[in-house]
Amino acid sequence: MVRGARILFGAGCASLFARPATAATRLDFDELYAKVTVLGMTFSDKVKSLDGQNVTMRGFMAPPLKAEANFFVLTEIPMSICPFCSSDSDWPDNIVVIYLDRAQTFVQANAPIDVTGRLEVGSWTDPVTGFVSLLRLVGASFRTV
């Protein structure tokens with residue numbers, strides 16, 4: 001009986017020190033950049049501090065290139081065309097690329113969605129599509145709101 005009590009006590013103490021799952025931090029489009037000038041954009045301190053962390057953003061799904069894919073562009077406002085860019089110097093300040101875990105069917109471009117994923121900061125070129133991005137949420141999921 002004493003041994004069983006020790007095991008239960010030990011398990012209870014271990015649970016006190018277990019790290020709880022961290023909730024994703026809300027990140028809004030107006031918090032992405034500290035400065036937007038003709039010379040370029042500077043990431044905000046909040047974005048820099050959240051690099052590699054889970055975040056949730058609310059926005060709109062830009063019309064995708066095909067009906068089912070594993071990525072899309074999240075925009076601040078509904079768009080009728082997809083805002084793909086040829087280089088990071090053309091990158092609009094109100095979009096974020098979303099990479100999903102798996103291909104999914106997308107929602108209407110005028111339906112607001114919440115997207116949660118791990119934030120990646122900095123210029124990156126997708127080796128498959130050639131799409132260039134400055135900000136990405138990877139391993140993401142979305143839901144309509």
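Note that the structure is a prediction, hence the values are computed from the model and not measured.
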K.L.:
Show the nearest heavy-atom pair for residues Phe142 and Gln104, with the distance to one decimal.
P.N.:
CE2-OE1, 3.1 Å
K.L.:
Under the criterion side chain to side chain contact (heavy atoms under 4.5 Å, CB included), I'd like the reasoning laid out for Tyr33 against Val47: C-alpha separation, chi angles, the key distance, then a yes or no.
P.N.:
CA-CA 8 Å; Tyr33 300 98; Val47 163; over 6 Å; no
K.L.:
Is Met61 reachable from Leu119 through a run of hydrophobic residues whose side-chain heavy atoms are each under 4.5 Å from the next?
P.N.:
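Yes, Leu119 connects to Met61 through the hydrophobic network.
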K.L.:
Return the minimal non-hydrogen interatomic distance between Glu31 and Arg26, and the atom names on each side.
P.N.:
OE1-O, 4.0 Å
K.L.:
Checking side chain to side chain contact (heavy atoms under 4.5 Å, CB included) for the pair Ser141/Asp101: CA distance, chi angles, key distance, verdict?
P.N.:
CA-CA 8 Å; Ser141 60; Asp101 284 334; over 6 Å; no
K.L.:
Nearest 0.5 angstrom please: Leu74 CG to Leu135 CG, how far?
P.N.:
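Reported to 0.5 Å precision, the distance equals 11.0 Å.
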K.L.:
Say you draw a straight line from CE of Met41 to CG of Leu39; how long is it, rounded to the nearest 0.5 Å?
P.N.:
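Here the rounded value is 12.0 Å.
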K.L.:
With a 4.5 Å cut-off on side-chain heavy atoms, are Phe131 and Val73 touching?
P.N.:
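Sidechains of Phe131 and Val73: in contact.
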K.L.:
Tell me, with the steps shown, if Leu27 and Val96 meet side chain to side chain contact (heavy atoms under 4.5 Å, CB included).
P.N.:
CA-CA 11 Å; Leu27 181 62; Val96 175; over 6 Å; no
K.L.:
If I compare all heavy atoms of Ile113 with all of Val145, which pair ends up nearest, and what's the gap?
P.N.:
N-CG2, 4.0 Å
K.L.:
CG of Leu137 to CG of Leu100: how many Å apart, nearest 0.5 Å?
P.N.:
10.0 Å
K.L.:
Roughly how far, to the nearest 0.5 Å, is CG of Asn110 from CD1 of Ile77?
P.N.:
12.5 Å
K.L.:
Shared ILVMFWY cluster between Phe60 and Ile98, side chains joined below 4.5 angstrom?
P.N.:
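In one cluster with Phe60: Ile98, no.
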K.L.:
Can you see which heavy atom on Glu120 is nearest to which on Asp51, and at what distance?
P.N.:
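Of all heavy-atom pairs spanning Glu120 and Asp51, the closest is CA-OD1, 3.6 Å.
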K.L.:
Identify the heavy atoms of Thr56 and Ala24 that sit nearest to each other, and give their distance.
P.N.:
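Looks like OG1-CB, 3.3 Å.
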K.L.:
Under a 4.5 Å cut-off applied to non-hydrogen side-chain atoms, are Leu32 and Met57 in contact?
P.N.:
yes
K.L.:
Which atom pair, heavy atoms only, marks the closest approach of Phe29 to Thr75?
P.N.:
CZ-C, 3.5 Å
K.L.:
So, do Gln53 and Thr25 sit near enough that their side-chain heavy atoms are less than 4.5 Å apart?
P.N.:
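No - every pair of side-chain heavy atoms lies 4.5 Å or more apart.
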K.L.:
For side chain to side chain contact (heavy atoms under 4.5 Å, CB included), just list the numbers for Phe71 and Thr129, CA-CA rounded to whole Å, side-chain angles, deciding distance to a tenth of an Å, and then say yes or no.
P.N.:
CA-CA 10 Å; Phe71 76 98; Thr129 64; 3.8 Å; yes
K.L.:
Quick one: does Arg136's side chain have a donor or acceptor within less than 3.5 Å of a partner on Arg118's backbone?
P.N.:
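Judged by distance alone, no pair lies under 3.5 Å.
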